[in-house]
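First up is the structure itself, then whatever we jot down about it.
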Amino acid sequence: MAAQRKHLVRDFNHYITCYVCKGYLIKPTTVTECLHTFCKRCIVQHFDDSNVCPKCGIQVHETNPLEMLRLDNTLEEIIFKLVPGLREKEQQQEIEFWRKTKSRENGGDDSPRAKRARMDDEDEEDGDHDHHRSDPQIAICLDCLRNSSQSAENIVKSEFLPNLEKTILFQFPLQGLMKKFIRCSTRVTVGTIKKFLSLKLKLPTSYELDVLCNGEIMGKDHTMEFIYMTRWRLRGESSYPMVLQYRPRIDFG
């Protein structure tokens with residue numbers, strides 16, 4: 001049995017350190033335009049003075065580069081597992097920072113009003129309650145795909161002649177959305193878009209929707225960011241917003 005090969009943390013430093021501050025990535029945040037990752041604080045401060053990536057120099061956004069940032073929670077967990085004590089150290093520093101900050105803001109006041117203000121601040125800091133409004137946003141055009149092959153076929157047995165099969169054609173007169181342009185979080189999945197369309201179009205429960213980008217059917221777990229990066233932008237589509245098409249099909253299950 002071959003001996004297990006051991007790796008030192010420094011072997012991975014190239015992947016888990018920030019290009020700006022040279023320290024371990026804290027709240028790693030990725031620039032979606034070029035996929036380079038930095039500490040959240042480092043990249044936000046950098047974008048105060050510039051709209052280009054500090055590592056590759058690509059223009060991230062003409063006016064608001066902060067829209068093209070996304071936290072990488074998976075990478076954060078990996079770094080905390082690789083570097084012993086880093087999580088505890090950061091948590092303690094964060095607690096001390098907010099304790100000092102709130103103490104200065106409230107003047108050491110422990111009155112009910114001050115307590116209420118602190119509770120409000122904590123609610124605002126909790127990102128789980130903002131319904132992804134703080135996420136990077138993306139504009140999408142949802143266009144109805146109409147063609148002559150929108151009918152579906154089903155083979156059924158005749159009630160009177162069990163051995164006779166007949167084909168029944170179904171067609172649903174699908175109308176497009178009155179307002180086909182939406183703006184949503186880049187974390188929204190195709191499955192959520194399907195639910196949105198089904199509600200807006202009032203589709204029968206027997207109907208399913210296919211969502212396509214450049215003629216390719218997208219999986220229900222694909223996020224809008226993934227589709228933009230791998231199907232829209234990388235295939236030479238430079239127009240904005242990103243166009244997704246949808247078409248109905250019948251689910252006979």
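Basis for what follows: all heavy atoms, side chains included, without hydrogens, waters or symmetry-related copies. Along the sequence shown, residues are numbered consecutively beginning with 1.
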Residue pair L25, T17: steps toward the side chain to side chain contact (heavy atoms under 4.5 Å, CB included) verdict: CA-CA 5 Å; L25 288 164; T17 54; 5.7 Å; no
Main-chain N/O of [Y] paired to [X] side chain as donor or acceptor, under 3.5 Å:
X: S198; Y: K194; answer: yes
X: H46; Y: R41; answer: no
X: T30; Y: T32; answer: no

Do you know the tightest heavy-atom contact between [X] and [Y]?
X: G57; Y: V52; answer: O-CB, 3.7 Å
X: L244; Y: C213; answer: CD2-CB, 3.8 Å
X: I217; Y: R247; answer: CD1-NH2, 3.3 Å
X: L75; Y: P28; answer: CD2-CB, 3.9 Å
X: M242; Y: M224; answer: CE-O, 3.9 Å
X: V190; Y: G219; answer: CB-O, 3.2 Å

For residues 76-92, run the donor-acceptor check on the side chains, cut-off 3.5 Å, and write out each pair with its distance to 0.1 Å, sequence neighbours left out.
residue : atom : partner : partner atom : Å
E77     : OE1  : R87     : NH2          : 2.9
Q92     : NE2  : E96     : OE2          : 3.2

With a cut-off of 6.0 Å (strictly less than), are more than 12 heavy atoms of other residues, nucleotides or ligands near OH of Y15?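 Counting neighbours around OH of Y15, 12 or fewer heavy atoms of other residues, nucleotides or ligands fall under 6.0 Å, so no.
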Counting only heavy atoms not in K40 (residues, nucleotides, ligands), do more than 12 fall under 6.0 Å from its NZ?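 Count not over threshold, so no.
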Using the rule that Ile, Leu, Val, Met, Phe, Trp and Tyr join whenever any side-chain heavy atoms are under 4.5 Å apart, tell me whether W232 and L142 fall into a single cluster.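 Yes; L142 is reachable from W232 via cluster members.
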Indicate, with yes or no, if V243 and V188 share a hydrophobic cluster defined by side-chain heavy-atom contacts under 4.5 Å among Ile, Leu, Val, Met, Phe, Trp and Tyr.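 Yes, V188 connects to V243 through the hydrophobic network.
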Test side chain to side chain contact (heavy atoms under 4.5 Å, CB included) applied to F226 and R231, step by step: CA-CA 8 Å; F226 176 81; R231 298 298 191 277; 4.2 Å; yes
What verdict does the side chain to side chain contact (heavy atoms under 4.5 Å, CB included) test give for L197 and L177, after you've listed the backbone C-alpha separation in whole Å, the side-chain angles of each residue and the deciding distance to 0.1 Å? CA-CA 8 Å; L197 288 169; L177 296 172; 3.6 Å; yes
Is it true that E225 and R187 make a salt bridge, defined as a side-chain N closer than 4.0 Å to a carboxylate O?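 Looking at E225 and R187, the cut-off is not met.
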Would you call the rings of H36 and F38 parallel, tilted or perpendicular, taking 30° and 60° as the class edges?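 H36 vs F38 ring planes: perpendicular.
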In sequence, state the C-alpha distance, the side-chain angles, and the governing distance for K27 and L71, and then conclude on side chain to side chain contact (heavy atoms under 4.5 Å, CB included). CA-CA 7 Å; K27 295 187 182 300; L71 285 171; 4.3 Å; yes
Atom [atom1] of [X] and atom [atom2] of [Y]: how far apart are they, to the nearest 0.5 Å?
X: I140; Y: R183; atom1: CD1; atom2: CZ; result: 10.5 Å
X: I43; Y: Y19; atom1: CD1; atom2: OH; result: 11.5 Å
X: C53; Y: Q59; atom1: SG; atom2: CD; result: 12.0 Å
X: T192; Y: D221; atom1: OG1; atom2: CG; result: 9.5 Å
X: I26; Y: T29; atom1: CD1; atom2: OG1; result: 11.0 Å
X: C39; Y: Q45; atom1: SG; atom2: CD; result: 10.0 Å

What residue among L212, L201, I193 forms side chain to side chain contact (heavy atoms under 4.5 Å, CB included) with Y246?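 Output: one option passes, namely L201.
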Positive for side chain to side chain contact (heavy atoms under 4.5 Å, CB included) with E33, one of M229, M68, H61: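 Going through M229, M68, H61 one by one, the side chain to side chain contact (heavy atoms under 4.5 Å, CB included) with E33 is satisfied by M68 alone.
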